[in-house]
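Here the structure comes first, spelled out in C-alpha coordinates, and everything after it is commentary.
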Amino acid sequence: MPVQTPCLWFDGDAEQAATFYTSVFPNSAVTDVRRNPDGSALVVEWTLDGQPYMGLNGGPGQSASWALSLSISCTDQAEVDHYWDALSEGGEESMCGWLRDRFGFWWQVVPTRLVELVTDPDPDRARRAQQAMLGMHRIVVAELEAAADDAAAAPAGVTAP
(Lines give C-alpha, C1' and ligand atoms only; values in the text may rest on other atoms or scores of the structure.)
Protein backbone atom coordinates (compact mmCIF):
# COMPACT_ATOMS: atom_id res chain seq x y z
CA MET A 1 0.00 0.00 0.00
CA PRO A 2 1.34 3.47 -0.82
CA VAL A 3 2.23 5.77 2.07
CA GLN A 4 -0.75 7.83 3.17
CA THR A 5 0.04 11.34 4.34
CA PRO A 6 -2.63 13.44 6.06
CA CYS A 7 -2.63 17.00 4.67
CA LEU A 8 -3.83 19.60 7.15
CA TRP A 9 -5.12 23.02 6.02
CA PHE A 10 -3.69 26.08 7.76
CA ASP A 11 -4.16 29.81 7.44
CA GLY A 12 -0.49 30.81 7.37
CA ASP A 13 0.81 28.93 10.42
CA ALA A 14 1.69 25.49 9.01
CA GLU A 15 5.40 25.97 9.69
CA GLN A 16 4.75 27.00 13.30
CA ALA A 17 2.42 24.03 13.76
CA ALA A 18 4.97 21.58 12.33
CA THR A 19 7.65 22.97 14.62
CA PHE A 20 5.32 22.67 17.61
CA TYR A 21 4.11 19.14 16.81
CA THR A 22 7.66 17.87 16.25
CA SER A 23 8.64 19.27 19.65
CA VAL A 24 5.85 17.27 21.33
CA PHE A 25 6.40 13.84 19.73
CA PRO A 26 9.65 11.88 20.01
CA ASN A 27 11.61 10.90 16.90
CA SER A 28 9.99 13.68 14.89
CA ALA A 29 11.25 16.32 12.48
CA VAL A 30 10.25 18.93 9.93
CA THR A 31 11.40 17.35 6.67
CA ASP A 32 10.64 19.97 4.01
CA VAL A 33 9.34 23.51 3.60
CA ARG A 34 8.30 24.72 0.15
CA ARG A 35 8.07 28.47 0.06
CA ASN A 36 6.13 31.06 -1.88
CA PRO A 37 8.11 33.69 -3.84
CA ASP A 38 7.74 36.06 -0.86
CA GLY A 39 9.48 33.53 1.43
CA SER A 40 6.40 32.46 3.38
CA ALA A 41 5.78 28.73 3.75
CA LEU A 42 3.29 27.22 1.32
CA VAL A 43 3.68 23.49 2.06
CA VAL A 44 5.37 22.03 5.12
CA GLU A 45 6.15 18.35 5.58
CA TRP A 46 7.01 16.67 8.87
CA THR A 47 7.02 13.30 10.56
CA LEU A 48 5.70 12.44 14.00
CA ASP A 49 7.54 9.33 15.17
CA GLY A 50 7.75 8.07 11.58
CA GLN A 51 4.21 9.04 10.44
CA PRO A 52 4.35 11.64 7.65
CA TYR A 53 2.17 14.75 7.67
CA MET A 54 1.79 17.71 5.36
CA GLY A 55 0.55 21.19 6.12
CA LEU A 56 -0.80 23.49 3.43
CA ASN A 57 -1.09 27.21 4.07
CA GLY A 58 -4.26 27.38 2.00
CA GLY A 59 -5.65 30.56 3.52
CA PRO A 60 -8.78 31.47 5.48
CA GLY A 61 -12.18 29.93 5.08
CA GLN A 62 -11.45 26.32 6.01
CA SER A 63 -11.34 25.02 9.54
CA ALA A 64 -10.82 21.65 11.18
CA SER A 65 -13.81 19.83 12.63
CA TRP A 66 -14.67 16.82 14.78
CA ALA A 67 -15.16 14.89 11.55
CA LEU A 68 -11.42 14.23 11.40
CA SER A 69 -9.28 13.79 14.50
CA LEU A 70 -5.79 12.55 15.19
CA SER A 71 -5.73 9.72 17.72
CA ILE A 72 -2.79 8.98 20.01
CA SER A 73 -2.61 5.54 21.61
CA CYS A 74 -0.81 6.03 24.95
CA THR A 75 0.80 3.20 26.90
CA ASP A 76 0.32 4.75 30.34
CA GLN A 77 -0.90 7.77 32.31
CA ALA A 78 2.44 9.56 31.95
CA GLU A 79 2.05 9.52 28.16
CA VAL A 80 -1.57 10.64 28.40
CA ASP A 81 -0.51 13.53 30.63
CA HIS A 82 2.41 14.52 28.37
CA TYR A 83 0.34 14.71 25.19
CA TRP A 84 -2.73 16.17 26.90
CA ASP A 85 -0.77 18.95 28.58
CA ALA A 86 1.23 19.84 25.47
CA LEU A 87 -1.55 19.68 22.89
CA SER A 88 -4.27 21.33 24.97
CA GLU A 89 -2.11 24.35 25.89
CA GLY A 90 -3.65 27.30 24.10
CA GLY A 91 -6.43 25.06 22.82
CA GLU A 92 -9.60 23.60 24.27
CA GLU A 93 -10.34 20.50 26.33
CA SER A 94 -13.39 18.44 25.50
CA MET A 95 -15.02 15.24 26.74
CA CYS A 96 -13.84 11.63 26.60
CA GLY A 97 -10.17 12.30 25.85
CA TRP A 98 -10.75 14.79 23.03
CA LEU A 99 -9.07 18.17 22.74
CA ARG A 100 -8.57 20.87 20.13
CA ASP A 101 -5.03 22.20 19.85
CA ARG A 102 -4.04 25.84 19.40
CA PHE A 103 -4.12 25.39 15.61
CA GLY A 104 -7.71 24.13 15.64
CA PHE A 105 -7.10 20.41 15.07
CA TRP A 106 -8.84 17.73 17.12
CA TRP A 107 -6.90 15.02 18.93
CA GLN A 108 -7.99 11.97 20.88
CA VAL A 109 -5.54 11.10 23.67
CA VAL A 110 -6.40 7.49 24.48
CA PRO A 111 -4.68 5.19 26.98
CA THR A 112 -4.57 1.59 25.77
CA ARG A 113 -5.95 0.63 29.20
CA LEU A 114 -9.23 2.38 28.29
CA VAL A 115 -9.72 0.05 25.33
CA GLU A 116 -8.91 -2.97 27.50
CA LEU A 117 -11.43 -1.93 30.15
CA VAL A 118 -14.33 -1.04 27.86
CA THR A 119 -13.91 -4.36 26.04
CA ASP A 120 -13.64 -6.39 29.26
CA PRO A 121 -15.33 -9.81 28.96
CA ASP A 122 -17.42 -8.88 32.02
CA PRO A 123 -20.08 -6.58 30.51
CA ASP A 124 -20.82 -4.84 33.83
CA ARG A 125 -17.14 -4.06 34.36
CA ALA A 126 -16.87 -2.74 30.79
CA ARG A 127 -20.02 -0.63 31.26
CA ARG A 128 -18.72 0.91 34.49
CA ALA A 129 -15.42 1.82 32.81
CA GLN A 130 -17.26 3.38 29.87
CA GLN A 131 -19.54 5.37 32.18
CA ALA A 132 -16.49 6.70 34.02
CA MET A 133 -14.86 7.70 30.73
CA LEU A 134 -17.97 9.60 29.64
CA GLY A 135 -17.56 11.91 32.63
CA MET A 136 -13.90 12.73 31.97
CA HIS A 137 -12.07 15.28 29.87
CA ARG A 138 -8.51 13.93 30.22
CA ILE A 139 -8.70 10.15 30.61
CA VAL A 140 -7.38 9.08 34.02
CA VAL A 141 -6.49 5.39 34.04
CA ALA A 142 -6.65 4.97 37.84
CA GLU A 143 -10.19 6.37 37.89
CA LEU A 144 -11.26 4.06 35.05
CA GLU A 145 -9.86 1.05 36.88
CA ALA A 146 -11.51 2.07 40.14
CA ALA A 147 -14.87 2.49 38.42
CA ALA A 148 -14.55 -0.83 36.60
CA ASP A 149 -13.73 -2.63 39.86
CA ASP A 150 -16.40 -0.95 41.98
CA ALA A 151 -19.57 -2.97 41.38
CA ALA A 152 -21.33 -1.21 44.28
CA ALA A 153 -20.77 2.25 42.76
CA ALA A 154 -22.71 1.63 39.55
CA PRO A 155 -25.62 -0.84 39.69
CA ALA A 156 -26.39 -2.79 36.52
CA GLY A 157 -28.56 -0.94 34.05
CA VAL A 158 -27.39 2.56 35.05
CA THR A 159 -26.54 4.69 32.05
CA ALA A 160 -25.15 8.16 31.62
CA PRO A 161 -27.68 11.01 31.46
Electrostatic pair Asp150-Arg128, nearest N-O below 4.0 angstrom = no
Can you tell me if Glu93 and Trp98 form a side-chain donor-acceptor pair at under 3.5 Å?
-> no
Write down the atom of Pro52, the atom of Val3, and the distance for their closest heavy-atom approach.
-> CG-CG1, 3.6 Å
Side-chain heavy-atom pair Phe103, Tyr21 within 4.5 angstrom cut-off = yes
Could you tell me whether the side chain of Ile139 reaches within less than 4.5 Å of the side chain of Val109, counting heavy atoms only?
-> no
Quick check: are there more than 12 heavy atoms from other residues, nucleotides or ligands sitting under 6.0 Å from CD of Gln51?
-> yes
Going by the side chain to side chain donor-acceptor pair (under 3.5 Å) test, which pairs reach into residues 30-48, not counting sequence neighbours?
-> Glu15-Arg35, Asp32-Arg34, Arg34-Glu45, Asn36-Ser40, Asp38-Ser40
Closest non-hydrogen atom pair between Asp122 and Asp120, with its separation = N-OD1, 2.8 Å
Minimum heavy-atom distance between Leu144 and Ala129, given as atom pair plus value | CD2-O, 3.5 Å
Identify whether NZ of Lys or CZ of Arg in Arg100 sits under 6.0 Å from the centre of the six-membered ring of Phe105 and within 45° of that ring's axis.
-> no
Measuring from Tyr53:OH to Thr5:OG1, what's the distance to the nearest 0.5 Å?
-> 10.0 Å
Look only at the side chain of Arg102 and the backbone of Gly90, and say whether a donor-acceptor pair between them is shorter than 3.5 Å.
-> no
Where Asn57 and Asp13 come nearest, the two heavy atoms and their spacing = OD1-N, 3.1 Å
Residue pairs, two or more places apart or on separate chains, that pass salt bridge (Lys or Arg N to Asp or Glu O under 4.0 Å) and touch residues 72-82 = Asp81-Arg138
Do Asp101 and Trp107 touch side chain to side chain, with heavy atoms closer than 4.5 Å?
-> yes
Locate the shortest heavy-atom distance separating Cys7 from Leu56; write the atom from each residue and the value.
-> SG-CB, 4.1 Å
Pairs in or reaching into residues 58-70: which pass side chain to side chain donor-acceptor pair (under 3.5 Å), with residues at least two apart or in two chains?
-> Ser69-Gln108
Interatomic spacing from CD1 in Ile72 to CG in Leu87 - rounded to 0.5 Å = 5.0 Å
In short, Val118 meets Ala126 closest at the heavy-atom pair O-CB, 3.5 Å
